[in-house]
Amino acid sequence: SKAVGVTDTTFRDAHQSLLATRVRTKDLLAVAPHVARMTPELLSLECWGGATYDVALRFLAEDPWERLAALREAVPNINLQMLLRGRNTVGYTPYPEAVTKAFVQEATDTGIDIFRIFDALNDVEQMRPAIEAVRETGTAVAEVALCYTSDLSNPDERLYTLDYYLKLAEQIVGAGAHVLAVKDMAGLLRAPAAARLISALRKEFDLPVHLHTHDTAGGQLATYLAAIQAGVDAIDGATASMAGTTSQPPLSSIVALTDHTEHATGLDLQNVCDLEPYWEAVRKIYAPFESGIPGPTGRVYHHEIPGGQLSNLRTQAVALGLGEKFEEIESMYAAADRMLGHLVKVTPSSKVVGDLALHLVGAGVSPEDFEADPGKFDIPASVIGFLHGELGDPPGGWPEPFRTKALAGRTAPKPIEELSPEDEAGLVDDRRATLNRLLFPGPTKEFRAHRDAYGDTSVLRSKDFFYGLRPGEEYSVDLEPGVRLLIGLEAISEADARGLRTVMATLNGQLRPIQVRDRSVAADIPAAEKADRANPNHVAAPFAGVVTAAVAEGDSVEAGQTVATIEAMKMEAAITAPKAGRVQRLALRGAQQVEGGDLLIVLE
Ligand code: PYR
């Protein structure tokens, strides 16, 4: 008889995969004591990772360390678990080992018990510094993942076979893992494959095996049953109202699946169900961040997009004006994956494939034309970096001659920078602030500016934080025990010519006029010039985004040279000169928001 352990992912992966990771600390803390009290039999609570860290600083004006510390206090009795991106820690590119070490130590000191470590190309060398850092803490658990993709039951599968996973597991065990994890980030592990993979891992190795999946196609409860029968030690689930589709399978159906059997989770079905109404209500507040995947989709077996990315990619597609073309983007994702060598797709390799797919659909380039002559086209910076080996070597080797053609004349990204002596000192004396700055410099700066201007806004209710007050509304905030602030909104003025409005607020009854720029009011921005597609001297924006010129008027450029960069929704791409020539005119001033087809540069 063997009970199966359960990790609750509601605080991390569930909202990452359904609500663009937007759930705020306040809404986690409100339910955390109930999680702590009601289900002490949980193996762990997954509550932290790359996206939660990034989004806290970038969009929520929260310090991710403060969140972790508060959760540790609210949940003293359950293991807190985080997802660590190997050498990328919580970022998108590799960092020096000193950063990994300081990060792991600080996370352990603040409350993490279990680190689930993965690498986007299943390269154990990329995970080794993180594994060693976790082992060096002396207390934390190094759970090391093999990322699953494709279908090992398919006799035509040549790369990601059972043999491949067993060799990988052997390296992971050799590197010092305490626990083996199977990370099925897209929900591709079918029940028969789970039976084979889990029983083989249990037979070959002495380590506990922990299975993670996403229920994108709707069949993963069957996979869990097969894995449990094959001896899996623990599985991941989320509160039912935050489960399903791109998130994990529901905790309640997991409990019901095993109740009254030798594998019973030990969780109480009623206790688990009692948390559902809370999350049902909270989820409504976050409705604008819903990814709009209305139900399960079997197309995932073809495109293999991870759960966390599938929801995000939809939002990106809409922001790029490509919302109507989502099925084309899904097919292009599969085509881009094939061109790049059939990758393990998880942050950040999934971003490389997604960037290329969005870029090609946005530019209206067919996969055949692109693959035949990639040197002729703009290529997103992440794709160039990947092809230069920035993320390591892919398991199936490099796609040739595609790679050589794509890289011809394109410069390699900068190698990992050494830490400055100030940063090294900062990692000792002022660890959290230094880590925030090193890992997410831009968002950390904005976060600091927000804190300095407004104080700690994590005390606000989510409804007010996201959507604000309406005139006449009043709201009380508990700043700290015994200190209450009454905030009211009296009126908002018309915008002036510069787009500034005066907001008449009251703080504890005192009228406080505040000047705020209304970004929806167009300050005299001239209508953009459109490029003439037939004119070979015109360089156009390939899609909507923020463009920064890389050349000045009068510069001479080579064909294929980067003349500008464009950023949109975490995607960035180089815009290259279609021909050699001199820059006659820049139609851009500074970094500028543009629409697809806007004129950027005129060559002569
Ligand atoms: C992350 O790194 O955020 C994933 O969910 C894989």
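These figures come from a predicted structure and were not determined experimentally. Note that these values count all heavy atoms, side chains included, but never hydrogens, waters or copies made by symmetry. Just follow the structure's listing: the first ligand is 1, and inside any ligand the first atom is 1. Each residue takes its place number in the sequence, starting with 1.
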Report task. Show the numbers, then the answer: is there a ring pair (Phe, Tyr, Trp, His ring centres under 6.0 Å) between F289 and F466? Result -> CA-CA 11 Å; F289 303 109; F466 288 120; 5.1 Å; yes
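At a threshold of 4.0 Å, the pair R283-E280 does not count as salt-bridged, since none of the basic side-chain nitrogens sits closer than that to a carboxylate oxygen. D119 and R85 are not joined by a salt bridge, as no carboxylate oxygen comes within less than 4.0 angstrom of a charged side-chain nitrogen.
The one candidate from I172, L83, V134 that meets the side chain to side chain contact (heavy atoms under 4.5 Å, CB included) condition with I117 is V134.
In this pair, W48 and Y53 present their aromatic rings perpendicular. The plane angle is above 60°, beyond the 30 to 60° band.
In plain terms, the two heavy atoms of I198 and G231 that are nearest each other are CG2-C, 4.2 Å.
Contact residues for ligand 1 (protein heavy atom closer than 4.0 angstrom to any ligand atom): R12, Q16, L83, R85, F118, K183, V346, T347.
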